[in-house]
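These numbers come from the heavy atoms of this one structure, side chains and all, not from hydrogens, waters or symmetry mates. By convention in this document, chain letters (A, B, ...) are assigned in the order of the sequence lines, proteins followed by strands, and residues within each chain are numbered from 1.
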2 protein chains.
Amino acid sequence: MKLIEAKQQFISSWGAFGTHWGINRTMAQIHALLLITADPLTQDDIMEQLNISRGNTNMNIRELINWGLVERVLLTGERKEYFSAEKDIWKVVKQIVKERKKRELEPMLKLLDQLEGVEGDKRDKNVKAFVDTVSGIKKLGKQADKTLDAMIRAEESWFVGNLVKIFK
Amino acid sequence: MKLIEAKQQFISSWGAFGTHWGINRTMAQIHALLLITADPLTQDDIMEQLNISRGNTNMNIRELINWGLVERVLLTGERKEYFSAEKDIWKVVKQIVKERKKRELEPMLKLLDQLEGVEGDKRDKNVKAFVDTVSGIKKLGKQADKTLDAMIRAEESWFVGNLVKIFK
DNA sequence: ACATATTTTCAATAAATTTTGAAAGTTCGG
DNA sequence: CCGAACTTTCAAAATTTATTGAAAATATGT
């Protein structure tokens, strides 16, 4: 397979992959393009290579910056802004975990705390089923929260090295 | 908060949550409803409680069954089918992990294997950037695959108990 | 301050996804 | 085999989400 095809394939698959994770196709594709490109790219480079409009490109680059996955790069003597993605995949994964934890897991845990305090007699089968489910999710969610915190702090070697043994 | 409100809140939040994970709102809501309901429900019960059409309900129940999260229950002397969700959240999580691993992670690893073998001179900066990114993702992906396999085999006590210590 | 290059916004449009509901299909007791 | 109860399918409609592109805003060099 030629480089150009391989790149196309990667970008398109990364985009499809993204849609299964609540990320829009374009954002995932821009990320993919920046991941596999050695040098920083301008907005126009991205527009051209992915065949997308200026507005769309701009919005999605900004979103990637919000996620902490892409940064602006200022090249000396250039007026245009360049963009570059973090290439260390372990850092990328940790960053995504960190953001999703903050945006999704933490608010969910907050809600579960509230819902657990529902009024009513726990001898009522319906109240019991509700409270049991909510408590169960909360318990596991809290544990996941801690585990992810540890992961965010960890070095890649820890994940690739030590964890293996633990899991046998 | 009254049980009825709390249920509504839970169902609606679970649905919103689902959309961030590539799961459609209705499917997540049906799952939520079945999770917090003590007894199995019929298709009509679900339609009524969530205010959705027969077709929509039917399609999404079947999808939940495909995911292994809901099962048909036959009550003796009843013509109608009843549906019930797995209530053990640890089992639910493992089942979801198992399915997503099979549907997403494994195909992605297969693709990366192919892309890693791209033609071209690795001294070429562009070829190098591509191969390095692909290899990096593959390495981490393979590790994640192993880790998730271990998790799928594990008991909840392992996750809640032992892991804590490891993570300090 | 001006002219020009560059970036950002956002209303309109397009595309993708979800939902509906009626019709077709299936199952089951008698 | 019939008819009623129940389930499934799927084309059309509704809704949601993504994309465009031109206009407005901002930044830069002289």
Side-chain angles (χ1 to χ4, degrees), chain A residues 11-34 39-67 69-84 103-104, chain B residues 11-34 40-67 70-84 103-104:
Chain A
I11 290 168
S12 134
S13 302
W14 205 249
F17 198 69
T19 61
H20 289 289
W21 288 87
I23 289 155
N24 92 39
R25 197 182 307 277
T26 302
M27 182 171 152
Q29 289 187 350
I30 294 175
H31 188 219
L33 174 62
L34 289 172
D39 300 315
L41 298 178
T42 64
Q43 195 165 292
D44 290 82
D45 293 333
I46 295 168
M47 282 167 61
E48 195 187 327
Q49 293 211 41
L50 299 180
N51 242 289
I52 53 182
S53 73
R54 182 169 303 283
N56 195 9
T57 307
N58 191 273
M59 273 181 55
N60 283 293
I61 289 173
R62 271 185 305 118
E63 196 60 13
L64 284 164
I65 292 172
N66 283 343
W67 274 81
L69 300 173
V70 164
E71 63 171 17
R72 281 174 221 275
V73 176
L74 296 168
L75 296 189
T76 47
E78 285 273 9
R79 180 103 174 239
K80 280 183 181 168
E81 291 178 332
Y82 283 75
F83 300 96
S84 152
R103 296 171 189 215
E104 296 160 33
Chain B
I11 289 167
S12 135
S13 303
W14 204 248
F17 199 68
T19 62
H20 288 291
W21 289 87
I23 289 155
N24 94 39
R25 197 182 308 276
T26 303
M27 183 169 149
Q29 288 187 351
I30 294 175
H31 188 219
L33 173 62
L34 289 172
L41 298 178
T42 64
Q43 194 165 294
D44 290 83
D45 293 333
I46 295 168
M47 283 169 59
E48 194 187 328
Q49 294 212 40
L50 300 180
N51 241 287
I52 53 183
S53 71
R54 181 169 303 284
N56 196 9
T57 307
N58 190 273
M59 273 180 57
N60 283 294
I61 290 174
R62 269 185 305 120
E63 196 59 12
L64 284 164
I65 292 173
N66 284 341
W67 276 81
V70 164
E71 62 171 17
R72 280 174 222 275
V73 176
L74 296 168
L75 297 190
T76 46
E78 284 276 6
R79 179 99 176 243
K80 279 186 184 169
E81 290 178 333
Y82 282 74
F83 300 96
S84 151
R103 295 172 191 213
E104 296 160 32

On DNA chain C, compare the nucleotides closest to A:R25 and A:E81; which residue's is nearer the 5' end?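 Its nucleotide being nearer the 5' end, the pick is A:E81.
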Name the residue closer to the 5' end of DNA chain C, choosing between B:T26 and A:D44 according to the nucleotide with the nearest heavy atom.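 By nearest-heavy-atom nucleotide position, the 5'-most residue is A:D44.
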Knowing that exactly one of B:D45, B:L75, B:L74, B:D44 qualifies, which makes a side-chain contact (heavy atoms from CB on, under 4.5 Å) with B:K80?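 When B:D45, B:L75, B:L74, B:D44 are each tested with B:K80, the side-chain contact (heavy atoms from CB on, under 4.5 Å) holds only for B:D44.
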Which atom pair, heavy atoms only, marks the closest approach of A:G18 to A:A28?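 So the minimum-distance heavy-atom pair works out to CA-CB, 4.2 Å.
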As a quick check of understanding, evaluate side-chain contact (heavy atoms from CB on, under 4.5 Å) for A:I46 and A:L34, giving each step before the final call. CA-CA 9 Å; A:I46 295 168; A:L34 289 172; 4.3 Å; yes
For A:N24, answer base if it contacts any base atom (sugar-phosphate contacts may also be present), sugar-phosphate if it contacts only those atoms, and nothing otherwise; contact means non-hydrogen atoms under 4.0 Å.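 If one applies the 4.0 Å heavy-atom cut-off, A:N24 turns out to touch the sugar-phosphate alone, with no base involved.
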Covered region of DNA chain D, 5' end to 3' end, by chain B [heavy atoms, under 4.0 Å]: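 Reading along DNA chain D, I get D:dA4 to D:dT17.
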Given side chains that start at C-beta, do those of B:L50 and B:I30 come closer than 4.5 Å, heavy atoms only?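 A side-chain contact under 4.5 Å exists here.
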Is any side-chain heavy atom of A:M47 closer than 4.5 Å to one of A:T42?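 Of all side-chain heavy-atom pairs linking A:M47 with A:T42, none is under 4.5 Å.
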Is the count of non-hydrogen atoms from other residues, nucleotides or ligands lying under 6.0 Å from A:E48 atom CD greater than 12?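 It does not: A:E48 CD has 12 such atoms or fewer within range.
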Please compare A:R79 and B:G55 by the position of their nearest nucleotide in DNA chain D and report the one closer to 5'.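 Final value for this comparison: B:G55.
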Exercise: do B:N58 and B:R62 side chains pair donor with acceptor under 3.5 Å: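 Yes, because at least one side-chain N or O of B:N58 sits under 3.5 Å from a partner of the opposite role on B:R62.
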Ring-plane angle category for B:F17 and B:W21, please: parallel below 30°, perpendicular beyond 60°, tilted otherwise.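 B:F17 and B:W21: tilted rings.
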Mind checking which nucleotides bracket the chain B contacts on DNA chain C, 5' to 3', with an atom under 4.0 Å from a heavy atom?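 Contact boundaries, 5' end first: C:dT18 to C:dC28.
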